[in-house]
Amino acid sequence: MQVLFEGNSVELDAKATGFDLIKKLNLPKSVIALYINEKPSDLRGIIPENASIRPIHIESPEGTEILRHSTAHIMADAVKRIFGNNVKITIGPSIEDGFYYDFDIDKPFEPSDLEKIEEEMKKIIKENLPFVREEISYENAKELFSKMGENYKLEIIEEYKDAVISIYKHGNFTDLCRGPHLPSTGYVKAFKLLSAAGAYWRGDEKNKMLQRIYGTAFPTKEMLEEYLKKLEEAKRRDHRRLGTALDLYSTTDEVGGGLIIWHPRGGFVRTQIENYWREQHFKRGYSIVYSPHIGRADLWKTSGHLDFYKENMYSPMDIDNFEYYVKPMNCPFHIQIYKSKTRSYKDLPLRYAELGTVYRYERSGVLHGLLRVRGFTQDDAHIFCTPEQLKDEVMGVVQFAVDLFRTFGFENYEAYLATRPDKAVGDPSKWEEATNSLREAAEKMNIKLNVEEKGGAFYGPKIDLKIKDSLGREWQCTTVQFDFNLPERFDISYIGTDNQKHRPYTVHRALLGSMERFFGILIEHYAGAFPVWLSPEQVIILPVSEKFNEYARKVNSVLLDNGFRSVLDIRNEKLSYKIREAELLKIPYMAVVGEKEASSNTVSVRTRGKEDLGSMPVETFINKLSESSRIPL
RNA sequence: GCCGAUGUAGCUCAGCAGGUAGAGCAACUGAUUCGUAAUCAGUAGGUCACCGGUUCGAAUCCGGUCGUCGGCUCCA
């Protein structure tokens, strides 16, 4: 029979399998599966006549996914072998960077169990058992899995009543599975189990808590090593570790979980960010406003927060027999500013920005360093504009965000458009119009949009930007949200050219997201080594011995006079010790002063991370500092 | 919130099976006056997260509370 392999016709025996094709064409062993008529398939399967075929290499994303999925099966087999029938298997997909498998088991896994399971997996891999696919009917599948007592599988089968149900076996292990899989267990060359954790069946907390084991697998040992190294690197950059080591911020249970205490060094970085932020907002036509931390229940009733957002709000407090709530958002206050007088179309657009501190209830289990907290300062703004102005405003916001990212060292980002969910307020045609404005704005700016259908909030569509940090991880910062809800609820308006009242369009936006979260991202992005303009200290003066303290003081005050953040280390310690400490604090410049420097009015400059720039006159150093401390635009 | 792990000096951690705590670094004092990632010696520092229980006796065992860490959408 004839088949097409990558467009070329190949002659095969009838009932030939993928293996036969590989043999015939002498394909490398890295081919572990095939696209047969665009459907991922096992090598073991029989190829239909006239099939169009492409190889799947193990290193390709699809190939690695198959590898991980097969490794998940091997892990499930190992767990069954060790824990016997006390375990019920559920699902075990490949995920980004690895795989997991969820088990229903009485006793949660302990760290030592993972080692045992890994050992058993190695045995299974050594046995090189073939993965064999079988297609069976719904009834047979039901019988099979009920005999096995795998009731989770039975539940899944119900969803595939009318489809072809496939099972995969290797050795004595059988799993309901769409496939495809590796030819045999021996193809797994590098894997590692990473952690165990609880996870609800189908992710729903009303369901039973299962026990999940996470692991990963790679085509080669080297790739696995590289991945593990990346995990190490992420740990090294962890903002929680650096936050303590660099004395940036802390949390304490005396204050409460998810509440950040900013130390002087962290506070400095924040001040720099905020100052720059304000300056940029003025430049771009925003007004800076301030609003209180609490507001009366009526306000939150009108805004709808008490209807739609109450579970994230803290309990009210009683003030003179009125209920007040701590604010979870700034919008109602900004709307009040808008409402404080009659607005004309000539006033629009109005852009109110505030570094507004809000408090939201987050479940204790999701709190995470600076990234997920209960009290945080949003770099918030609300834009009130006419429908005609909307697109330009959105473009302005997106451009603003992109410019800010660049300043903070983030060159790459992804944009996501979220459209109307099923439950939403506002006229669908207006949604359409607003969504299109967002889309057109992105198009005009040449920004590729990933669309999340029905992903919008109930009150309007939005564009989110996620930045990519130096390790390639994505972090959501910017959100530009259209709002149909609040203008209605607060009944705000402007007088148009026709002398009639019109409803303004309202856009919420945050660029950096929150100061806390963005700071956390920044710490990890720079691994704590902030650029000179953000660094709490820019220079540390290190006298070689106490004899040169006086000269060190002189240099220090010259630098301070020139507006640089310079500190002195005149402790009675050896130079190398002071250098070590300055390096650990990641101070960008170290200025060493000794005999030679004192007599020639120079400093010996060393930069963070070892580079010795040698001696230079203080004037030269000042020029160098001015240059390197400039804010990147 | 749920599952699991965990909470010992400012930091990193030890403390095996219950007998009232220990190291390194940091801090302080002294000596050393030093040239690019840790000089030496000494001193001080902890109601072992908190509350309760078992016990003659609890950092250690049990229960509760709080915090922290890894997870809890990714469809066989």
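Scope of the values below: all heavy atoms of this structure, side chains included, with no hydrogens, waters or symmetry mates. It should be emphasised that the depicted structure is a prediction, and the values quoted were computed from it without experimental measurement. Residue numbering restarts at 1 for every chain, and letters A, B, ... go by the order of the sequence lines.
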Distance, rounded to the nearest Å, where [X] contributes [atom1] and [N] contributes [atom2]:
X        : N      : atom1 : atom2 : result
A:Ile156 : B:rC74 : CD1   : P     : 11 Å
A:Leu367 : B:rG71 : CG    : C1'   : 14 Å
A:Ile95  : B:rG71 : CD1   : C1'   : 11 Å

Exercise. Would you kindly check whether a donor in the side chain of A:Tyr200 faces an acceptor in the base of B:rG71, or vice versa, at under 3.5 angstrom?
Key: no
Under 4.0 Å between any heavy atoms, over every strand shown, what does [X] touch: base, sugar-phosphate, or nothing? Just pick one.
X        : result
A:Tyr100 : sugar-phosphate
A:Arg571 : sugar-phosphate
A:Tyr214 : sugar-phosphate
A:Gly365 : base

Considering only atom [atom1], compute the distance from [N] to [M] and round it to an integer number of Å.
N      : M      : atom1 : answer
B:rU8  : B:rA58 : C1'   : 14 Å
B:rU55 : B:rU60 : P     : 16 Å
B:rC69 : B:rA31 : P     : 45 Å
B:rG67 : B:rC51 : C1'   : 15 Å

Quiz item: If the sugar-phosphate is the primed atoms plus P, OP1 and OP2 and the base is the rest, what is the B/S/- string for nucleotides 41-47 of chain B, using protein heavy atoms under 4.0 Å?
Solution: -------
Quiz prompt | Footprint string (nucleotides 33-39 of chain B, 5' to 3'): B base within contact, S backbone only, - free, heavy atoms under 4.0 Å | solution = BBBBBBB
Quiz prompt | Distance below 4.0 Å between A:Arg202 side-chain N/O and B:rU73 OP1 or OP2 | solution = no
Quiz item: For B:rG70, does OP1 or OP2 lie under 4.0 Å from any side-chain N or O of A:His368?
Solution: yes
Quiz item: If you pin A:Arg212 and A:Gly258 to their nearest nucleotides in RNA chain B, which one's is more 5'?
Solution: A:Gly258
Quiz prompt | First of A:Asp238 and A:Leu210 reached from the 5' end of RNA chain B, by closest nucleotide | solution = A:Leu210
Quiz item: When you check the gap from the basic side-chain N to the acidic O, do A:Asp113 and A:Lys116 get nearer than 4.0 Å?
Solution: yes
Quiz item: Could A:Glu311 and A:Arg360 be called an ion pair, given the rule that one side-chain N must be under 4.0 Å from one carboxylate O?
Solution: no
Exercise. Assign the ring pair A:His181 / A:His73 to parallel, tilted or perpendicular, where the plane angle (0 to 90°) is split at 30° and 60°.
Key: tilted
Quiz item: Taking the six-membered ring for Trp, are A:His170 and A:Phe173 parallel (under 30°), tilted (30 to 60°) or perpendicular (over 60°)?
Solution: tilted
Practice problem: Determine, for A:Tyr416 and A:Lys466, whether the Lys NZ or Arg CZ falls below 6.0 Å from the six-membered ring centre while staying within 45 degrees of the axis. | Solution: yes
Quiz prompt | Complement of B:rU29, any strand, by Watson-Crick or G-U distances under 3.5 angstrom | solution = B:rA41
